[in-house]
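Every number for a ligand or one of its atoms is a count from 1 in the order of the listing.
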Amino acid sequence: MASQSLHHHFASLHLRARRPRKAPTSSPPRPLTVAAVSSKNPPLSGRKLRAAVIGGGPAGSSAAESLASGGVETFLFERSPSAAKPCGGAIPLCMLDEFDLPPSLVDRRVTEMRIISPSNLTVDFGKTLRPHEFIAMLRREVLDSFLRSRAQSRGAELITGLVTDLELPRSSASPYVVHYTSGGLRRSLAVDVVVGADGANSRVAKAIGAGDYSYAIAFQERIRLPDEKMKYYENLAEMYLGDDVSPDFYAWVFPKCDHVAVGTGTVRSKREIKAYQRGIRERVRPKIAGGEVIKVEAHPIPEHPRPVRVRDRVALVGDAAGYVTKCSGEGIYFAAKSGRMCGEGIVRASEGGARMVGEEDLRREYLRQWDDRYVSTYRVLDLLEKVFYRSNWGREAMVELCGGEYVQRVSLESYMYKRLVEGDRWEGVKMAANTVATLVRCKIMGGASEGDRIAGVGSARFDRLIVKVVTCKKKKKKMMMALMMSLVSVYWFFPRSKSKAFPLMKKRCTLTTATEK
Ligand SMILES: Cc1cc2nc3c(=O)[nH]c(=O)nc-3n(C[C@H](O)[C@H](O)[C@H](O)COP(=O)(O)OP(=O)(O)OC[C@H]3O[C@@H](n4cnc5c(N)ncnc54)[C@H](O)[C@@H]3O)c2cc1C
């Protein structure tokens with residue numbers, strides 16, 4: 001009984017913030033009484049749960065909106081609300097509905113998505129789009145400011161300030177103290193819960209010792225084009241593949257209201273990023289001739305989630321957690337979604353801000369639900385990146401495969417609606433066999449020119465084999481042949497890391513398990 005009452009006791013605490021060093025003036029942290037966290041979270045007396053969301057990008061604003069709407073006292077910190085996050089600004093169709101984004105936010109509705117191989121083989125990825133479908137292109141400054149305003153309108157208090165330090169609680173009964181500078185003053189705020197949504201260079205992640213992730217560096221120029229050139233990109237986006245534009249990613253031309261964003265990224269050769277940018281400029285030279293560079297920007301893109309994403313009463317979301325997918329480098333939707341899932345999870349666990357929450361609540365209500373929903377997506381894209389993005393022949397094969405209607409539809413569905421498609425079984429077998437054949441053929445033919453590839457001398461034998469597999473009438477035999485070809489290809493594609501490839505993926509993708517549990 002005594003120990004129970006100890007667990008459930010309310011510790012009254014008035015915070016003493018770290019004394020500011022040379023600040024002209026400072027404000028004392030708002031006093032806060034924190035309830036000690038136990039297996040049965042006690043109700044808070046006379047106040048609501050108080051949350052600080054650090055970072056006002058899509059992740060932070062979505063978290064703040066959910067928290068404030070659910071009855072939690074919410075403070076949203078953003079260092080520069082008027083700045084534009086370096087970003088291509090492509091978002092999937094489902095995000096417009098799910099996040100109730102007004103059509104006016106969208107600069108361009110892209111219906112042609114060209115993917116261009118190292119040998120300039122071009123496939124239009126948009127040919128299987130349905131009449132109402134498109135890929136939305138927007139400017140991040142527009143999206144971010146809309147989401148922040150909406151969070152404010154739901155009751156979140158926006159603090160324009162740079163968070164300089166997060167002071168961790170000395171006991172489970174102490175609050176977190178957010179130290180920040182705003183309007184030239186050093187200030188502090190005591191809170192119960194912290195959501196780290198402060199992007200790839202997250203201070204919150206550092207403060208809780210969340211560990212590092214490998215990252216790509218992305219570089220982008222915004223180029224204003226003459227009207228006639230802009231017309232070409234009216235509803236067209238382009239993705240370029242090849243060693244000249246990136247050794248392990250893709251380069252892009254994405255249309256915006258009055259300009260195009262031309263950029264590239266790399267994990268392996270970050271120092272060469274400018275050379276790769278020259279590479280993409282060279283590939284699109286005639287299309288951007290006469291353009292004026294209006295902005296140059298660069299930023300890291302996380303490659304995989306951090307080893308730790310929840311610790312005590314702190315949760316990481318968006319880029320701070322590392323939620324960008326391989327292959328596409330997509331992070332906006334996952335940032336907003338993780339912010340929302342985390343915010344809603346805290347609201348549920350705290351019963352609308354009436355109770356304290358603890359680490360187990362954050363794991364149960366946010367982390368596990370996130371992993372259940374998205375880990376397989378990250379696994380698939382991780383595998384595709386390993387197979388297709390590491391050599392020019394792999395990229396050639398990928399572009400060829402993208403020409404197939406079934407491949408296109410399956411990829412578009414999973415990108416646009418964020419759901420894994422129930423595919424047709426035989427189409428799936430055909431696709432697997434075709435993938436193997438195309439990869440093998442492209443490997444054999446290496447970096448052949450487009451003309452050579454079309455002539456396809458070396459490919460005839462593989463084509464015949466594929467035709468045999470696909471047209472074989474005996475189902476069992478067909479399955480066996482396809483399976484054998486898949487196994488050969490797996491062996492073929494991981495020559496240097498045969499033994500490591502799968503354990504490595506497993507380690508990366510079961511992120512919660514090892515370090516967090
Ligand atoms: C060049 C480039 C192109 C990209 N293109 C695409 C694309 O086309 N589509 C796509 O889906 N994804 C794209 N991404 C990825 C996407 O930009 C990110 O995944 C997404 O922005 C993550 O959102 P977030 O809210 O987690 O973080 P961010 O958008 O990085 O937001 C973090 C916010 O926190 C604020 N902040 C940081 N530190 C502090 C602090 N100490 N105090 C106060 N505020 C702070 C920042 O000012 C910022 O507003 C691209 C990324 C890059 C770099």
Side-chain angles (χ1 to χ4, degrees), residues 52-64 75-92 95 107-108 110 113 135-141 143-145 147-148 151 158-166 178-182 194-207 215-222 237 239 249-256 261-266 273 277 295-303 305 316-325 327-340 342 415 418:
V53 180
I54 319 294
S61 300
S62 305
F75 297 87
L76 174 61
F77 290 84
E78 171 52 49
R79 63 181 171 199
S80 43
S82 55
K85 160 84 205 289
C87 187
I91 61 165
M95 189 171 176
D107 277 347
R108 302 269 170 190
V110 164
M113 190 82 183
I135 293 161
M137 295 281 168
L138 37 72
R139 279 159 297 155
R140 281 294 301 277
E141 51 276 35
L143 174 72
D144 291 14
S145 109
L147 291 175
R148 265 192 308 268
L158 176 66
I159 298 180
T160 302
L162 173 75
V163 172
T164 51
D165 190 20
L166 176 66
V178 179
H179 296 281
Y180 64 102
T181 54
S182 179
V194 177
V195 178
D198 46 347
N201 299 317
S202 171
R203 279 178 202 236
V204 177
K206 280 192 195 87
Y215 63 92
I217 191 79
F219 190 97
Q220 178 172 276
E221 291 170 295
R222 297 197 192 200
M239 291 166 71
F249 206 65
Y250 66 91
W252 61 88
V253 183
F254 286 174
K256 301 292 151 89
V262 181
T264 184
T266 173
I273 188 72
Q277 183 66 14
K295 199 168 196 262
V296 179
E297 46 200 7
H299 203 77
I301 301 185
E303 277 283 289
L316 301 176
V317 293
D319 276 16
Y323 294 148
V324 178
T325 53
C327 286
S328 61
E330 186 195 356
I332 302 172
Y333 175 82
F334 294 108
K337 187 77 184 176
S338 59
R340 178 179 276 184
C342 180
Y415 168 71
K418 297 288 169 272

Under 4.0 Å from ligand 1, counting heavy atoms only, is it the side chain of [X], its backbone, both or neither?
X: Asp198; value: both
X: Ala298; value: neither
X: Tyr323; value: neither
X: Arg203; value: side chain
X: Ile332; value: both

Notebook entry, point to check: Do Tyr415 and Ile135 touch side chain to side chain, with heavy atoms closer than 4.5 Å?
Noted result: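 SC-SC contact between Tyr415 and Ile135 confirmed.
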Is any N or O atom of [X], backbone or side chain, closer than 3.5 Å to an N or O atom of ligand 1?
X: Val163; result: yes
X: Gln220; result: no
X: Ala59; result: yes
X: Glu78; result: yes
X: Gly88; result: yes
X: Arg140; result: yes
X: Ile54; result: no
X: Gly55; result: no
X: Gly89; result: yes

Notebook entry, point to check: What are the atoms of ligand 1, with element, lying closer than 4.0 Å to any heavy atom of Val324?
Noted result: 19 (O)
Next item on the list: Would you mind running through ligand 1 and noting each atom that sits below 4.0 Å from a heavy atom of Gly329?
Entry: 12 (N), 13 (C), 14 (N), 15 (C)
Would you call [X]-[Y] a salt bridge at under 4.0 Å N-O?
X: Glu297; Y: Lys85; value: no
X: Glu141; Y: Arg139; value: no
X: Glu330; Y: Lys418; value: yes

Notebook entry, point to check: Taking Asp144 for the side chain and Gly56 for the main chain, is one N or O donor matched with an acceptor at less than 3.5 Å?
Noted result: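 Such a contact is absent between Asp144 side chain and Gly56 backbone.
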Item checked: Asp165 side-chain N/O to His179 backbone N/O, donor-acceptor pair under 3.5 Å -> no
Next item on the list: Closest by any non-hydrogen atom to atom 17 (O) of ligand 1: pick that one out of His299, Arg148, Lys85.
Entry: Lys85
Item checked: Selected option - heavy-atom contact closest to atom 9 (N) of ligand 1, from Cys87, Ser338, Ala90 ->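 It is Ala90 whose heavy atom sits nearest to atom 9 (N) of ligand 1.
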Notebook entry, point to check: Should the ring pair Tyr250 and Trp252 be called parallel, tilted or perpendicular, given that the plane angle runs from 0 to 90° and is split at 30 and 60?
Noted result: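 Ring orientation of Tyr250 relative to Trp252: perpendicular.
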Notebook entry, point to check: Touching ligand 1 at all, Tyr180? Heavy atoms, strictly under 4.0 Å?
Noted result: no
